[in-house]
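In what follows, residues are counted from 1 in the order of the sequence shown.
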Amino acid sequence: MASEMFRKELASVKPYVPGKPIEDVKREYGLDTVQKLASNENPLGPSPLAIEAMQGELEHLNLYPDPGCVALREALAAELSLASSQLVAGNGGEHLLNMVAMAFVGPGDEAVMSAPSFDVYAQSVGLMGGRPVQVPLKDHRHDLDAYLERIGPRTKVVYLCNPNNPTGSISPRAEVERFVSRLSEDIILLIDEAYYEYARARPDYPSGLEILKNRGSTLVLRTFSKIAGIAGIRVGYLAGSREIISELGKVKGTFYVNRLAQAAAVGALKDRAHIEKTVALNAECLGMMTAWFKSEGLKYVDSSANFIFVDTGKDSMRLFEELMRLGFIVRPGALWGYTTWLRVSTGTVEQTKDFLAALGGLL
Ligand SMILES: *Cc1c(COP(=O)(O)O)cnc(C)c1O
């Protein structure tokens, strides 16, 4: 098969490197139990109200899902004090990011983002023939002044991952407001709040929805994958102006959010208890990790998410392998050019304790 058969944009797209699945690690290393602290999943499991809602939906799977996701959008509208016409649901945040690139980025267009940040931004832009303009982090944070310098006449979208993945850092309100006041209204500002519930308690965490109120060409992305513990069913949403959300409907595809996902998301939205438990557990485990890192003299980035970025001082690929042999899957910083760093998700208290003991043994 000749490689020219493919669209030339495919050549520029780096395949996503996913966290290693638990089953693969068990098989390869002959382990009975493996702790996955690599993909920022919820260690408490799915929201019980989401499970209940999905169970009720099972017997209706002969029917196509509602392409308008009306029940979910109305529940979200009530929760977020928006109109349901300002919301579009998607098959996970990844699908929503692809929709944004499809709607705004054409061949030769540019999109500004941090490096490292969530990999899907660059991929989705590249797939459309656009050019990802990657701005290095400064002190592990978005360098918004540098963003402004890199914005040009072809810039269509600016990505602000807040908190940022893989560093867990936030851009504080004052910095974001200053940035927004200097950003042309002709450019889409995509604020990725995949970790919103974990970060919201920070007094200096800026709300994307507040920014959207005063700036129409803003989109706020959130997902049920992390906080609600339903990464496996794939559902998230974008909030934006009516006009933009309506246009995004054209690139959404028809039946992308399946019946179980729609039901699960409605259930999860009501599940305050699960959200609170998840946030509290995360704070406890981040506390355990940072206390231990401090006692060991390891550098880390202050996290507002459910993972933490830490400099072990050791080769991250080797440490990743050694941890896997002990039954812990993490993300090596080498994936993003940070050769001595690891990104580790918080787990249960026991998983976190065991992980720290294993890491201590290796260091
Ligand atoms: C996990 C994540 C998402 C979206 O995840 P989905 O499972 O596709 O909904 C989006 N942005 C960031 C920064 C993430 O970490």
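By the 4.5 Å heavy-atom criterion applied to side chains, M289 and V310 are not counted as neighbours. Annotation: side chain of L269 is in contact with side chain of L76 (closest heavy-atom distance under 4.5 Å). Annotation: side chain of I308 is in contact with side chain of F293 (closest heavy-atom distance under 4.5 Å). Taking the side chain as every heavy atom from C-beta outward, L190 and L238 approach each other to under 4.5 Å. Inter-residue side-chain proximity for L63 and E57 is flagged as unmet; no heavy-atom pair is nearer than 4.5 Å. Using a 4.5 Å cut-off on side-chain heavy atoms (C-beta onward), P43 and Q351 make contact. The shortest distance between side-chain heavy atoms of R202 and D302 falls below 4.5 Å. Taking 4.5 Å as the limit, some side-chain heavy atom of I233 sits within range of a side-chain heavy atom of M54.
By the criterion of side-chain heavy atoms lying less than 4.5 angstrom apart, applied directly or through intervening Ile, Leu, Val, Met, Phe, Trp or Tyr residues, L183 is grouped together with L144 in one hydrophobic cluster. Note on V220: it does not cluster hydrophobically with L189, by side-chain heavy-atom contacts below 4.5 Å among ILVMFWY residues. Taken together through direct or relayed side-chain contacts under 4.5 Å among Ile, Leu, Val, Met, Phe, Trp and Tyr, I245 and V70 form parts of separate hydrophobic clusters. In this structure, V266 is a member of the same hydrophobic cluster as Y237, with clusters built from ILVMFWY side-chain heavy atoms closer than 4.5 Å. Cluster membership check: F320 shares its hydrophobic cluster with L356, using side-chain heavy-atom separations under 4.5 Å among Ile, Leu, Val, Met, Phe, Trp and Tyr.
Taking CG of L160 as the reference point, atom OG of S171 lies at 5.0 Å (rounded to 0.5 Å). The CG atom of L342 lies 5.0 Å from the OG1 atom of T312; values are rounded to the nearest 0.5 Å. For the atom pair OG of S241 and CD1 of I188, the computed distance is 7.5 Å after rounding to the nearest 0.5 Å. A distance of 8.5 Å separates OG1 of T348 from CG of L44, quoted to the nearest 0.5 Å. Remark: L298 CG to W341 CH2 distance equals 10.0 Å, nearest 0.5 Å. For the atom pair OG (S225) and CZ (R234), the distance works out to 4.5 Å, reported to the nearest 0.5 Å.
Aromatic ring pairs are classed by plane angle as parallel below 30°, tilted from 30° to 60° and perpendicular above 60°; the pair H140 and Y338 is tilted. Using a 30° and 60° split on the angle between ring planes, Y196 and Y205 fall in the tilted class, from 30° to 60°.
The shortest heavy-atom contact between L72 and A265 is CD1-CB, 3.6 Å. Taking both residues in full, the closest heavy atoms of L49 and G267 are given as CB-O, 3.4 Å, listed atom of the first, atom of the second, then distance. In plain terms, the two heavy atoms of S217 and I244 that are nearest each other are CA-CD1, 3.8 Å.
A distance-only check finds no donor-acceptor pair linking the side chain of K270 to the backbone of A75 [under 3.5 Å]. With Q262 contributing its side chain and D66 its backbone, the two residues share a donor-acceptor pair below 3.5 Å. Within the 3.5 Å criterion, the main-chain N or O of N282 finds no donor-acceptor partner in the side chain of N306. The main-chain N or O of G106 is found under 3.5 Å from a side-chain atom of D109 such that the two form a donor-acceptor pair. Using a distance-only test at 3.5 Å, with no hydrogens or angles considered, a donor-acceptor pair links the side chain of R343 to the main chain of A38. Looking only at distances, a side-chain donor or acceptor of H274 sits under 3.5 Å from a matching main-chain atom of G45. Under the 3.5 Å distance criterion, the side-chain polar atoms of N42 are matched with a main-chain donor or acceptor of I227. Although no hydrogens or angles enter the test, the distance criterion places a donor-acceptor pair under 3.5 Å between the side chain of R73 and the main chain of S84. A side-chain donor-acceptor contact under 3.5 Å links R259 to the backbone of Y64.
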Legend entry - Verdict with reasoning, Y121 to D192, per side-chain contact (heavy atoms from CB on, under 4.5 Å): CA-CA 10 Å; Y121 311 148; D192 186 340; 2.7 Å; yes
Between L359 and V344, does the side-chain contact (heavy atoms from CB on, under 4.5 Å) criterion hold? Intermediate values first, please. CA-CA 11 Å; L359 182 63; V344 188; over 6 Å; no
Margin query: One pair to check against salt bridge (charged side-chain N to carboxylate O under 4.0 Å, His left out): E175 and R141. What are the steps and the verdict?
Written below: CA-CA 11 Å; E175 264 177 42; R141 292 229 307 256; 2.4 Å; yes
Discussion item. If you apply the rule salt bridge (charged side-chain N to carboxylate O under 4.0 Å, His left out), what do you find for R325 with E322, and how did you get there?
Written reply: CA-CA 5 Å; R325 208 165 292 140; E322 288 172 344; 5.6 Å; no
Next on the checklist: Checking L127 against L10 for the side-chain contact (heavy atoms from CB on, under 4.5 Å) test, could you report, in this order, the C-alpha distance in whole Å, the side-chain angles of both residues, the deciding distance, and whether it holds?
Outcome noted: CA-CA 6 Å; L127 259 182; L10 267 62; 3.8 Å; yes
Step by step, would you call L96 with L219 a side-chain contact (heavy atoms from CB on, under 4.5 Å)? CA-CA 10 Å; L96 295 160; L219 286 166; over 6 Å; no
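When the options N258, N91, I230 are evaluated for a side-chain contact (heavy atoms from CB on, under 4.5 Å) with V235, the one that passes is I230. Considering S169, S114, S117, S304 in turn, S117 is the only one that fulfils the side-chain hydrogen bond (donor to acceptor under 3.5 Å, both in side chains) rule with N164. With Y195 as the fixed residue, the side-chain hydrogen bond (donor to acceptor under 3.5 Å, both in side chains) test singles out one of R222, R200, K226: K226.
At most 12 non-hydrogen atoms from other residues, nucleotides or ligands lie less than 6.0 angstrom from CD of E94. Counting heavy-atom neighbours within 6.0 Å of Y256 OH, excluding the residue itself, gives a total of 12 or less. Within a 6.0 Å radius of CZ in R215, more than 12 heavy atoms belonging to other residues, nucleotides or ligands are found. Surrounding CG of D32 are at most 12 heavy atoms belonging to other residues, nucleotides or ligands under 6.0 Å away. Annotation for K26: atom NZ counts as buried by contact number, over 12 foreign heavy atoms lying within 6.0 Å.
Electrostatic pairing of E350 and K353 does not count as a salt bridge here, judged by no charged N lying under 4.0 Å from a carboxylate O. A salt bridge between E321 and R318 is absent, with no side-chain N of the basic residue lying under 4.0 Å from a carboxylate O of the acidic one. By the 4.0 Å N-to-carboxylate-O rule, E110 lies too far from R154 to be salt-bridged with it. Taking 4.0 Å as the cut-off between side-chain N and carboxylate O, R272 and E79 count as a salt-bridged pair.
Aromatic ring centroids of Y159 and F118 lie 6.0 Å or more apart.
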